Amino acid sequence: MSRVNPGAYRAASARTIQNEPGVRDSVGSATRTFDANRVRAFGQIDSERWRDWARDVKTHALTNLDRYLEEAEMRLLANGAHVHWAESADDALRVLADVVARHDIRSAVKGKSMLTEELGVNDHLEQLGVRVRETDLGEYIIQLLGEPPSHIVGPAIHKSLDDCRRLFHAHLGTAPDATPETLAAAARDALRQDFLAADLGISGGNFLAADTGTVALIENEGNIRLSTSLPRVHVAFVGIEKIVPRLEDLSGLLQLTARAATGQPIGNFVSLIQGPKTNEEVDGPEEVHVVLVDNGRTELLADDVAWEALRCVRCGACLNICPVYRQTGGHAYGWTYSGPIGAIIAPGMLGLAKALPLPHASSLCGACVDVCPVRIPIPDLLLHWREQAVEEGLTTTAETIGLKAFTALAERPDAFSAAGALLRWTPWSAAGRSLPILGGWLQERSAPHPSQKSFRRLWEEGIE
Amino acid sequence: MTMRVALFATCLADQFFAEACADAVRLLRHLGVDVDFPERQTCCGQPAFNAGYKAEAARMAAHTLSVFEDAEYVVLPSGSCAGMIRSYYSEISDEGPALDLGKRTFELSQFLVHVLNVETLGRGLSGKTVAYHHGCHALRELGVDSEPIALLSGAGAQVVPWEADKECCGFGGLFSAKLPEVSAAMADRKLDTLPNVDFVTSGDGGCLLQLSGRSQRRRVGASGVTTPFRHIASALWEGVG
Amino acid sequence: MSGRDRIFARVRSALAGRDRTELPESFGEWRLKSPPVSPVEGFQALFESAGGEVVRVSDRAGAATWIARFSTDFPSVIFGEHVPAELKPDLPSVTPEVAALGLSMARGAVAETGSLLMDARDGRRAQLLAPTHVVVLDAAAVYASLREALISLKDDLPSAIGFHSGPSKSADIGQIMVRGVHGPGRVIALVIDESVIVQDHKEGIS
Ligand code: SF4
C-alpha cells in the first residue's frame, strides 16, 4: 500500500493551506461545480425515493454478502472468467504477478480505479518490470507528476489549467500556452500508442451483479472501454462490497451514481463485462481475471455501526460538499480515500489508531447527509469512531482531563458558574497559546471576549 | 393564560453573549411571554458528545433533563444546543423524557415563528443591511432556514445574499482547536465572500465567536473585514424598534 | 483454509446476528419528473444534450443514402460485424487502428439515459478507435427505461456490452470540458424510424 499516513493530517492540511493556496482555489471551484451539477440532476428526479431505494438494495446486498459472493463467483466462472480471492493487498498483487509471469506481460494500461490505488498496483507492476500507463486523463496527469489522486472522481482537480500546460509542455512538448483541446489531443496521441501496445488492461469495478457475473464500470473518456477491450488480458480488481443482486439493479445505481458524481444522467461510457471474448466475437481480451478483494472490508463489515459505510458507491458527492475537504483536497488525508467517506472507512480498514485524527477532520456540519446517494449517515459514523477512540483511550490526556472536569462541574451548577467567572481571568493572550485546546484556538484567531457579566449575573440583577 | 418559557442560555452564550441572552428575555417578554431562567442549568453536553465522550455527555444530558423537566417550553439562543437536545438526547438518555423535552425545545427564531406565530416584530432595522449565517445544526438538524431571515426582513432589514451563507464557519466545538488551520481556512471562505453589510448575524454564538475571532485576527494582517458580528437575539430585539 | 474460505468465514461471522434485510422491488417505477413523449424522443434529447448527434430516417434505404453522403468526407472506414452490405458505403475498409470512420450497429438504446447499447459481438474496436462513430439504431429497440433494457439483455449477454451516451469527454484539465479524449469525439446515432415523416436531411450534419 502506498503512502498511508493519516496521522500527519494536521501538519499536511496546514502545509497545503499555507504553502499551496492554488490547491484550495482549484479544489474549491471544481467541487462547487460538481455539487451544482448534482443539485440540478437531483432536481430532475424524485431523489429522495431513488436514494431510499439505493440504500435498501446495497443494504440487502451487504447483509446477504456471502450468498451473493458465491453466486457471482459461480456466474463469472460459468462465463469463462477467472476468479481470485484476495484477503490483503499482498494477495491481490500476487495474483497480478502470476498473470504477468504467465503471459509475459511487458506493458499495461489502466483505467481509473481507487481500489488499485489502495492496493499499490502501479508500484508493484513497475517492480515487476511492467510499464504501466494510467489512461484516464486526470490519472495520467498525476502519474506524470508522481502524485496520488486527490479526489475519487476527479483525481487531478487540485491542478489548474496552467499546471497542466507546464506539465504537458515538459512531457509532451505542447506549446506553453496550449488550449485544453490541444493538451487533450496530445495526451490522446501518446496514450493511443500505449493502448495499442499493451498486453494487459487493468480496471477496478463499480458494481458486480451477482446473477449474471457482470462487472460494471463507469467512465466518461472511453479509456476504460479501451483498457478492457484491446489488451489480450484484462484484470479487474473488485472490492467485495461492490456486489448487487441483479443486473437490473444497476439501472438505479448507475443513474444515481452519475447524478451524484457529476450531474450526468449516466456515465458517458458504461462497460458491462461478463468474461473473455467468445467464439462469436472478433475482438476483446482472451482472458479475464476478476480479483475479489477484502483488504480490510470484512473488518469494516464486522463493526455494528460503521458497516453502513460499505454501501458507498464512490461518487465523491460528500467530498464535493464538504467544507473541510474543500480547504485542502485529498492529499492531506494521507491515504487513498479522502474527505468524509475516507474519514469513516479509514478506522475500519486501517485500524482506528492509525486512522486518527481523520474522524475528527469534520466540524459535523452535516452537509454530506443531504447528498449521499446511498444515505450513509456520515456524521453518525464520525461520532461513532470518536466514541470508539475515547473508549480505547486514544485521546490526549489534556483533553480527557479537561472534558471530565468540565462534566463534573456541569453537574454542580454553583461550581459551574463560579468556574465560568474564571473565564474573565483566562490568559487569553500570549500565555494561553501554550495551553491545550485554548492554544489551538488562539493560534488562528483573536481572543474571544467574555461578556462583562455573565447572563446569570444579569438575570440576578434583573433585566429591564 | 400567559405562555411560560424557560430560557436555556447555554454555557457559551451565558459567558460570551450575556447581553444577547438578556435581549432574548426582553424580546420574549415584549411578546407577552413569561420568561424563567432555571438556575441549575449548565451545559447541554454537546462539546463532550461531539468529541466522542458519550458517557460524559449523557451525564450532562441527564442533568439538563432534570433542570427542564417541568418547563412548558425551553428556548435557546443557540441552534446547535437545541439540535443536540432534539436530535441526540434520546440516544444518550432515557428515551421517553428525552423525546418529550425535544418536543418542547426550540431555537429562538424557530420559537418566534412556529410557536408564537410572529410575523413582524417592528421596523427597528429599517435601512440596515444584514448578512445571515446559517448555523449548520439550526439549518440541518432543526430545519431553521427561512425563519430568521423572515424575522430580520420583517423588521425592515435588507438581508443581503451571501454566497457562502449555508457553508460551515469551521467552528465545530473542539474541532476548531484540534485542527485550527483547516477551521480557520473555513472561516476565511466565509469572510472572503461576505458582502458589504452593516452587520453579520446568526443564531449560534459559537459560529459568531469563530467568525469574529478570525476576522479580527485577519484585520491585524490587514485582510480582515470590519463588519460587526451580532447575535440574532440582539438584532431581533433591535428590530422591535 | 484458503483465502477464499477465510474471507467467507469473516463475512459470515460479521453478519451473524445482523438482520438480513429484504431485497426491494427493482428500480424503475418513478423515473424522471418530466418523462419524454416517446422513447425515441427521450433518447434523442439526452443523447444530444450529452454532445451526441441524432439523425432520423424512415427506412434502411434512407439510412444507406445518408451514410453514403456522409461518408464522402472520410478517407477510410471500419465496419461493425453486423453492418449489412446495403448500408456499407463505398470506402476503403481498413483496420480499426487507422480508420477515420467507424460504422456499427446498436443492439438497442435507452431513453431514460440517452445511451446506445453496443454489443461486443459487433466488434469493440470499430466502436472505440475511430475519431468519428456512426451507429445505426432501430427505433423499435429503444427501451424507455434502463431497467427494461437490462432485463432484456440478460437473456443474451456477450462478453461485454458498452453503453455509449455521447462522445468521449473529460474535464480533467483545469475543469474545462473537452471532447474526443480517447474514444470517438463525434458520435452520430442514425435512427431508423418508420414513424418518421420528414426525410429530407440536410447535407451532412456539422
Ligand atoms: S459516502 Fe456517499 S456521497 Fe460519499 S462517496 Fe460514498 S456514496 Fe458518494
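Side chains included, hydrogens not; waters and symmetry mates left out as well; all remaining heavy atoms used. Predicted, not measured: the structure shown is a model, and the values here were computed from it. Throughout, protein chains are lettered first and strands after them, A, B, ... in sequence-line order, and every chain is numbered starting at 1.
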With a 4.5 angstrom heavy-atom cut-off, is it the side chain or the backbone of A:Pro245 that approaches chain C, or both, or neither? side chain
I want to check something: taking the side chain as every heavy atom from C-beta on, are C:Phe163 and A:Asn268 in contact at a cut-off of under 4.5 Å? no
Please classify the contact of A:Leu196 with chain C as side chain, backbone, both or neither, using a heavy-atom distance under 4.5 Å. side chain
Atom of C:Leu23, atom of A:His60 and distance for their closest heavy-atom approach: N-ND1, 3.2 Å
4.5 Å side-chain heavy-atom contact, A:Glu221 and C:Lys169: no
Where on A:Asp56 is there a heavy atom nearer than 4.5 Å to chain C: the side chain, the backbone, both, or neither? both
Polar side chain donor-acceptor pair, C:Ser159 to A:Gln274, under 3.5 angstrom: no
Does the side chain to side chain contact (heavy atoms under 4.5 Å, CB included) test come out yes or no for A:Tyr140 and C:Asp172, once each step is laid out? CA-CA 10 Å; A:Tyr140 178 63; C:Asp172 283 338; over 6 Å; no
Honestly, the part of C:Ile7 sitting under 4.5 Å from a heavy atom of chain A is both
Minimum heavy-atom distance C:Val178-A:Ala184, with the two atoms named: CG2-CB, 3.6 Å
Donor-acceptor contact below 3.5 Å, side chain A:Arg188 vs main chain C:Gly180: yes
In terms of heavy-atom contacts, A:Ile266 and C:Ser165 come closest through CG2-OG, 3.4 Å
Would you mind telling me which of A:Asp294, A:Asn64, A:Thr298, A:Leu62 makes a side-chain contact (heavy atoms from CB on, under 4.5 Å) with C:Val11? A:Thr298
Could C:Arg147 and A:Glu248 be called an ion pair, given the rule that one side-chain N must be under 4.0 Å from one carboxylate O? no
Please indicate whether A:Asn279 has more than 12 foreign heavy atoms, meaning atoms of other residues, nucleotides or ligands, lying under 6.0 Å from its CG. no
Verify whether one side chain among A:Ser229 and C:Arg124 offers a donor that lies under 3.5 Å from an acceptor in the other. yes
Which heavy atom of A:Arg192 sits nearest to which heavy atom of C:Leu129, and what is that distance? NH1-O, 3.0 Å
Quick one: what part of A:Ile157 sits under 4.5 Å from any heavy atom of chain C, side chain, backbone, both or neither? both
For a quick check under 3.5 Å, do A:Arg225 and C:His164 share a side-chain donor-acceptor pair by atom type? yes
Are A:Trp85 and C:Asp5 side-chain neighbours, meaning at least one heavy-atom pair lies under 4.5 Å? no
Within a radius of less than 6.0 Å around CG of C:Asp19, do more than 12 heavy atoms belonging to other residues, nucleotides or ligands occur? no
Nearest heavy-atom neighbours spanning C:Arg18 and A:Asp303: NH2-O, 3.5 Å
Chain A contacts, top residue of C:Pro158, C:Ala50, C:Ser13 (heavy-atom pairs, under 4.5 Å): C:Pro158
Please look at A:Leu253 and chain C and tell me whether the side chain, the backbone, both or neither of the residue comes under 4.5 angstrom of a heavy atom of that chain. neither
A:Asp91, part contacting chain C, at a heavy-atom distance under 4.5 Å: neither
Is any side-chain heavy atom of A:Gln255 closer than 4.5 Å to a side-chain heavy atom of C:Thr113? yes
Residue part contacting chain A, namely of C:Ser170, when any heavy atom lies under 4.5 Å: both
When only heavy atoms count and the cut-off is under 4.5 Å, which of residues 77-101 of chain C reach chain A? C:Glu81, C:Glu97
Using a strict 4.0 Å threshold on nitrogen-to-oxygen distance, state whether A:Arg246 and C:Glu25 make a salt bridge. no
Taking side chain as everything from C-beta outward and backbone as N, CA, C, O, which of these in C:Leu116 sits under 4.5 Å from a heavy atom of chain A? Side chain, backbone, both or neither. neither
Checking A:Ile141 against chain C: side chain, backbone, both or neither under 4.5 Å from a heavy atom? side chain
Residue pair C:Leu150 / A:Leu250, side-chain heavy-atom distance below 4.5 Å: yes
Contact origin within A:Phe34 toward chain C - heavy atom pairs under 4.5 Å: neither
Using a strict 4.0 Å threshold on nitrogen-to-oxygen distance, state whether C:Arg4 and A:Glu87 make a salt bridge. no
Per-residue contact mode, A:Ala86 against chain C (heavy atom under 4.5 angstrom): backbone
For atom CD of A:Glu70, is the number of surrounding heavy atoms from other residues, nucleotides or ligands below 6.0 Å larger than 12? yes
Should A:Asp66 and C:Arg20 count as an ion pair when the cut-off is N to O under 4.0 Å? yes
Just so I understand: if I count every heavy-atom pair under 4.5 Å between each of C:Gly114, C:Gly185, C:Ala149, C:Pro167 and chain A, which residue has the most? C:Pro167
A:Cys164 versus C:Gly174, closest heavy-atom pair with distance: SG-N, 4.3 Å
Does any heavy atom of chain C fall under 4.5 Å from the side chain of A:Glu219, the backbone, both, or neither of them? neither
Per-residue contact mode, C:Asp119 against chain A (heavy atom under 4.5 angstrom): neither
Regarding A:Glu280 and C:Arg121, does a basic nitrogen lie under 4.0 Å from an acidic carboxylate oxygen? yes
